[in-house]
Amino acid sequence: MQLDGTTDALLAISIVWGFIFIYAVMASMDFGAGFWSMIYMNKKQLKATNIANRYLSPTWEVTNVFIVGIVVALFSFFPGGTFVLGTVLLIPGSIILLLLAIRSGFLVFSHAAKDYERALTYVSGISGFIIPAVLILVLPVTHGNFVYQVDGSHQLDFVNLFLSPHAYSFMGFAIFSTLFLSSLLLADFSNVAGEKDAYQVYRRNALITGPLALLMSFSIMMTMRTEASWLYTKMMDGLPWLILSFLLFLVAFAALFLPNRHNSDRLGKPRLAVIAITLQYFTASYVYGRAHLPYMVYPDVTIQSGFTAPETFRALFISYIVGFIILFPGFYYFWKLFMKDKRYIKQHE
């Protein structure tokens, strides 16, 4: 059956959004692990930094694969939309790339230059804390209030952006989500490793940062009502999904209080919490992404106006399907090797 242009564009944006979701979750855990590694660096007895470094060491490079995938998919499928986004986000995007390069470089050298390990850990931890806050500003920018045209060229209104409560709500959400997701995953990691003290630390951190992340999500909706009413109205059409998302958050939070049958001296089931919160973020992102359609940048750029030629899309779509078939077993093996292999997780420093 021949697909029409709208269906093609929806398939393409679904692939892009899939990359964005995977990167958002993995990067949050990755950035947060770097931050916690820095925070607990001087508390050797907790072994919290050791746990964070064991997770961080093999995962940060894999995480960066997905941000490359996002950029390539955007440019391939939506060259018109990417041109506008690239013009508008030239300065913020450059800052993000610089911070990612700094963090990646220092993560490498922190293991090689032992004399500077403390300073390098601070740099990588602080940059990992700032990156999500800057990265998420892409979302409120696409809502349209901060983009204007000068002689047919789109420009970003930096003054209004950094005076906007809506933008700061997104930044707060990114920060606390990063800390929450990483705390949950590191709690699970600590539980498998048998590190009781580290598990208690990360479980406590999740109990603190989880409600704060939820509070910032409510703040986003409140500020969206006045600053992006078109998006707020469309998100309210997906209210059942938003309610489901909230219920999944409660499941994740409650899982941290359930008895642990494998370790009777520890309270909580972190693996269940990680699964529930991933599903929670997926449902919330589905509502947001669906409400955002058909706009890439409101109100000028839609997925149809920025879309590539149909023939190009079909060739790219087949390439992505083949790529997923090849890469998926590799990512599964990676997960099994580093996240489930107790010989690695329980290794002694």
Side-chain angles (χ1 to χ4, degrees), residues 12-13 15-28 30-31 34 60-107 123-124 126-164 166-175 177-178 220 227-228 285 288-289 292 295-303 305-308:
I13 201 65
I15 292 174
V16 173
W17 196 250
F19 275 123
I20 292 173
F21 174 75
I22 294 172
Y23 178 74
V25 174
M26 290 187 63
S28 293
D30 176 44
F31 293 141
W60 66 273
E61 293 182 76
V62 176
T63 302
N64 287 336
V65 170
F66 288 95
I67 197 169
V68 175
I70 294 170
V71 175
V72 172
L74 270 174
F75 184 77
S76 302
F77 290 130
F78 302 97
T82 306
F83 176 79
V84 175
L85 284 171
T87 302
V88 171
L89 300 173
L90 178 61
I91 295 178
S94 299
I95 293 172
I96 291 167
L97 288 175
L98 178 62
L99 290 173
L100 284 171
I102 291 173
R103 182 174 185 269
S104 298
F106 281 114
L107 279 173
V123 171
S124 62
I126 293 172
S127 62
F129 184 74
I130 296 172
I131 290 170
V134 179
L135 197 58
I136 204 169
L137 287 178
V138 174
L139 297 182
V141 165
T142 63
H143 297 172
N145 286 350
F146 314 110
V147 178
Y148 61 95
Q149 291 193 49
V150 177
D151 298 328
S153 177
H154 291 80
Q155 304 292 331
L156 180 61
D157 189 344
F158 283 98
V159 175
N160 284 333
L161 177 63
F162 287 103
L163 291 177
S164 167
H166 193 44
Y168 285 106
S169 294
F170 270 99
M171 293 174 71
F173 176 74
I175 292 170
S177 288
T178 295
I220 287 175
E227 295 197 31
S285 67
Y288 176 84
H292 209 290
Y295 303 105
M296 295 184 69
V297 180
Y298 182 85
D300 299 324
V301 183
T302 66
I303 58 174
S305 67
F307 195 48
T308 188

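In this chain, numbering begins with 1 at the start of the sequence shown.
Minimum interatomic distance between Y23 and I70 (heavy atoms only, all atoms of both residues): CB-CD1, 3.8 Å. What you find for S285 and W17 is that their closest heavy atoms are O-NE1, 3.4 Å. Considering every non-hydrogen atom in both A228 and N145, the closest pair reads N-ND2, 4.3 Å. Minimum heavy-atom separation, A174 to P132: CB-O, 3.5 Å. Contact record, A167 with P140: CA-CG, 4.3 Å, taken as the closest heavy-atom pair. The two residues H154 and T87 have their closest heavy-atom pair at O-CG2, 3.3 Å.
In this structure, CZ in R103 is found 6.0 Å from CD1 in I131, a value given to the nearest 0.5 Å. With rounding to the nearest 0.5 angstrom, the CD1 atom of I96 is 12.0 Å from the CD1 atom of I130. Here CD of E227 is found 11.5 Å from CD1 of I220. Values are rounded to the nearest 0.5 Å. Here CG of L99 is found 10.0 Å from CG of L135. Values are rounded to the nearest 0.5 Å. In this structure, L90 CG and Q155 CD are separated by 9.5 Å, a value rounded to the nearest 0.5 Å.
The closest side-chain heavy-atom distance from I102 to V123 is below 4.5 Å. Considering only heavy atoms from C-beta on, I175 stays 4.5 Å or farther from T178 through its side chain. Side-chain atoms of F158 and I91, non-hydrogen and from C-beta on, do get closer than 4.5 Å to each other. The shortest side-chain heavy-atom distance between Y295 and D300 does not fall under the 4.5 Å cut-off. Under the 4.5 Å side-chain criterion, counting only non-hydrogen atoms from C-beta, F307 is not in contact with M296.
With sequence neighbours left out, L89 forms a side-chain contact (heavy atoms from CB on, under 4.5 Å) with L85, P92, V138, V141. With sequence neighbours left out, F21 forms a ring-ring contact (aromatic ring centres under 6.0 Å, His included) with F282.
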**Message:** Assess the residue pair F146 and H166 against the criterion (ring pair (Phe, Tyr, Trp, His ring centres under 6.0 Å)); give the C-alpha distance rounded to whole Å, side-chain angles, the decisive distance to 0.1 Å, and a yes or no.
**Reply:** CA-CA 11 Å; F146 314 110; H166 193 44; 7.6 Å; no

Listing, residues 71-83 side-chain donor-acceptor contacts under 3.5 Å, not counting sequence neighbours, or none:
| residue | atom | partner | partner atom | Å |
| --- | --- | --- | --- | --- |
| S76 | OG | V72 | O | 2.7 |
| T82 | OG1 | L74 | O | 2.8 |
| T82 | OG1 | F78 | O | 2.6 |

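Of the possible donor and acceptor atoms, none in the side chain of Y168 sits under 3.5 Å from a partner among the backbone N and O of L163.
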